[in-house]
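In what follows, chains carry the letters A, B, and so on, assigned in the order in which the sequence lines appear, proteins first and then strands, with residues in each chain numbered from 1. Values below: every heavy atom of this structure, side chains too, minus hydrogens, waters and symmetry copies.
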Amino acid sequence: MTALTNMEDYVSESDSDYTSYWRDWFISSRGNEYFCEIDEDYLTDRFNLTGLNTEVQYYQYALDLVTDVFDLDCEDDMRETIEKSARHLYGLVHARYIVTTRGLSKMLEKYKKADFGKCPRVACHSHPLLPMGLSDVPSVKPVKLYCAKCEDAYNPKSSRHAAIDGAYFGSSFHNIIFQVYPALVPAKSVERYVPRVYGFKVHAAASLVRWQSGRREEMRRRLRRLEVDTGFRDGDGEEGDEDGDVEFEGVDGRPAVVEGAPVR
Amino acid sequence: MSTSSAAPESWISSFCSLIGHEYFAEVSEEFIEDDFNLTGLQTQVAMYKEALEMILDVEPEEDDEDEEEEDEEDESLIGEGGEVAGRERRHHSRMASDLSVIESSAEMLYGLIHQRFICSRAGMQQMSEKYELGHFGACPRTNCMQARTLPVGLSDIPGEETVKLFCPACLDVYVPPNSRFQTVDGAFFGRTFGALFLLTFPDYDLTKRGADVMQDITSRISGHPEILNGFFAKNIAPGLGAGHVYEPKIYGFRVSERARSGPRMQWLRERPGNINELDEARLFAEQNPESEDDEGANTNGRVAVVRRRAPGNARLRQRQQQLQQQRQNGSPMALSTNGAESEL
């Protein structure tokens, strides 16, 4: 079934609940914005579902519900349980689907639209995030958001999203997508915050910053020796510029200064 | 939004209870009434005098006969001159349209006073209470484990940046999660507050989450922790270092640094395994045994000598001693003999 006919059917039969196009309903309901739609073909290929029957309660009913062929008359309690299983099953298949070629390109579209939110770190300038799990085992850790610019994981802002299981995205997807689309790797930046009191750096923080800059330069040297792209576009001024961190703190009204420039 | 002086609530407390103004402390009237604290603000705020009156809920005098007297009062209140423009403006009767201008001026003026106030002793105290209650939210970074943040500005000049949250556990700044804070000017908090707060209250346990603190009252470090570079060593970026750095993995295998998409930013979240590596003064002394003030001392002796001279230690030591004696009485400001009061 193509997506187009799917849509038409959806419009004509939207009044009958439960049995009409469960996946459409699922991905468009509130809190499920991180999920993409899994192809029917993928869901109906049993190979893709290997091992999930032990993971999901009422596996067959749940699968029927997800693929819109569910027609069992049962109690509301039972229906609720099957509904829950269906969501769990969809999530687990989702983790497998998004690392396929089709799945990656669907998630890429969502990434480009910043459907997963933007990095809260000021120096990342609202770089779009990707959903990630810290574990591939269900019900261990909730979903986190990965920023490719600062390479760190953040908690989702909304509690609805914070409750989603991280295993529905898996711990590999956000790294695989950059292996498959290396052009998407954002330029890294040395821009960072340095705590100051009346313009003076705080010694403890500043010494840590110096140490970290040293580590960064070591890495850059290592990579250059291997002739690997270091990924830093700004401040390609090599070593020597240990104090070369670009800061976004304004001094005397200037919005940004290069550290090391005279500060009054 | 505008509160007349007839309202039971003061302008300041109604301003601070507005949605989006949750980060603000209530500046005390004494602080505002001290002209010294307002030095230089006349030139930054339009309709300064009216705005100041609004903040302090002073009923503006409207009759024309008193104008001479009033002007004298003005001068004594404001101190220096440069008020010609302000006086001119006062000849106009106050219209409703004026009121909204004054209202926005008052907000600007309050914000600028607030920037100074929160670096004063009383302001620090108020902000520390808000910090303890977790009013400023938690760090969004997963590895900071919900460490409490502090509101900071990236500029001291209004209109440049909105307020940001500084996380003492990772020493980084973040955009507040709620969009209502994206209309609050960062200059109303200023660049200094975040770092000065940590220097003023060195014994907060920075890893404590807001929720934990609600359960047990002590969110302060107890015992005799090691001191380094003027901080308790365990309080130097506790959210960074081994175990707190994200490692990219694919199917359980770490992504190599040599890959185009390999890790490049781990330095930002690193911290030496042995924090004493940051004791630059001691390391320098060890590597340069010939330097003049260390000659003749043996290694052990040298370490001890240099350590004692590390900046900021004297104050922390003193604090520690006092803390041991007076830990029960609670108020950290009562013990503070440091810079906070000199800001007043």
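Using a 4.5 Å cut-off between non-hydrogen atoms, the part of residues 129-141 of chain A that approaches chain B consists of Met132(A), Leu134(A). By a heavy-atom distance cut of under 4.5 Å, Ser171(A), Ser172(A), His174(A), Asn175(A), Ile176(A), Phe178(A), Gln179(A) are the residues of residues 165-179 of chain A near chain B, going up by number.
At a threshold of 4.5 Å between non-hydrogen side-chain atoms, the residues Phe188(B) and Met108(B) count as touching. Using a 4.5 Å heavy-atom threshold, the side chains of Val180(A) and Leu108(A) count as separate. By the 4.5 Å heavy-atom criterion applied to side chains, Val122(A) and Tyr193(A) are not counted as neighbours. The shortest distance between side-chain heavy atoms of Glu270(B) and His244(B) does not fall below 4.5 Å.
Taking Val152(B), Val175(B), Ile236(B) one by one and counting their heavy-atom pairs under 4.5 Å with chain A, the maximum is reached by Val175(B). Most heavy-atom pairs under 4.5 Å with chain A, from the set Val245(B), Leu278(B), Ile275(B), Leu240(B): that is Leu278(B).
More than 12 heavy-atom neighbours from other residues, nucleotides or ligands sit within 6.0 angstrom of OH on Tyr181(A). Open room surrounds NZ on Lys118(A); 12 or fewer heavy atoms of other groups in view lie less than 6.0 Å from it. Within a 6.0 Å sphere centred on CZ of Arg258(B), other residues, nucleotides and ligands contribute 12 heavy atoms or fewer. For Met219(A), the CE atom is densely surrounded, since the number of other residues' heavy atoms within 6.0 Å is greater than 12.
Here the closest heavy-atom approach between residue Cys36(A) and residue Ile98(A) is recorded as SG-CG2, 3.9 Å. In terms of heavy atoms, Pro202(B) sits closest to Leu199(B) at CD-O, 3.7 Å.
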* Walk me through it: do Val99(A) and Tyr251(B) pass the test side chain to side chain contact (heavy atoms under 4.5 Å, CB included)? => CA-CA 11 Å; Val99(A) 295; Tyr251(B) 301 127; 3.7 Å; yes
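When heavy atoms are compared at a cutoff of 4.5 Å, Glu280(B) approaches chain A solely by way of its side chain, counted from C-beta outward. For Leu226(A), the part lying under 4.5 angstrom from a heavy atom of chain B is the side chain only. Looking at Cys144(B), neither its backbone nor its side chain comes within 4.5 Å of chain A, counting heavy atoms on both sides. Using a 4.5 Å cut-off between heavy atoms, Leu198(B) makes no contact with chain A at all. Only the side chain of Phe166(B) comes within contact range of chain A, with at least one heavy atom under 4.5 Å from a heavy atom of that chain. Interface remark: Val197(A) contributes backbone and side-chain atoms alike to the contact with chain B (heavy atom separation under 4.5 Å). Only the backbone of Lys149(A) comes within contact range of chain B, with at least one heavy atom under 4.5 Å from a heavy atom of that chain.
For the atom pair SG (Cys119(A)) and CZ (Arg141(B)), the distance works out to 11.0 Å, reported to the nearest 0.5 Å.
No cation-pi contact links Arg215(A) to Trp267(B), judged by a cut-off of 6.0 Å to the six-membered ring centre and 45° from its axis. Remark: Arg148(B) is positioned above the aromatic ring of Tyr131(B), its terminal NZ or CZ atom under 6.0 angstrom from the ring centre and at most 45 degrees off the axis.
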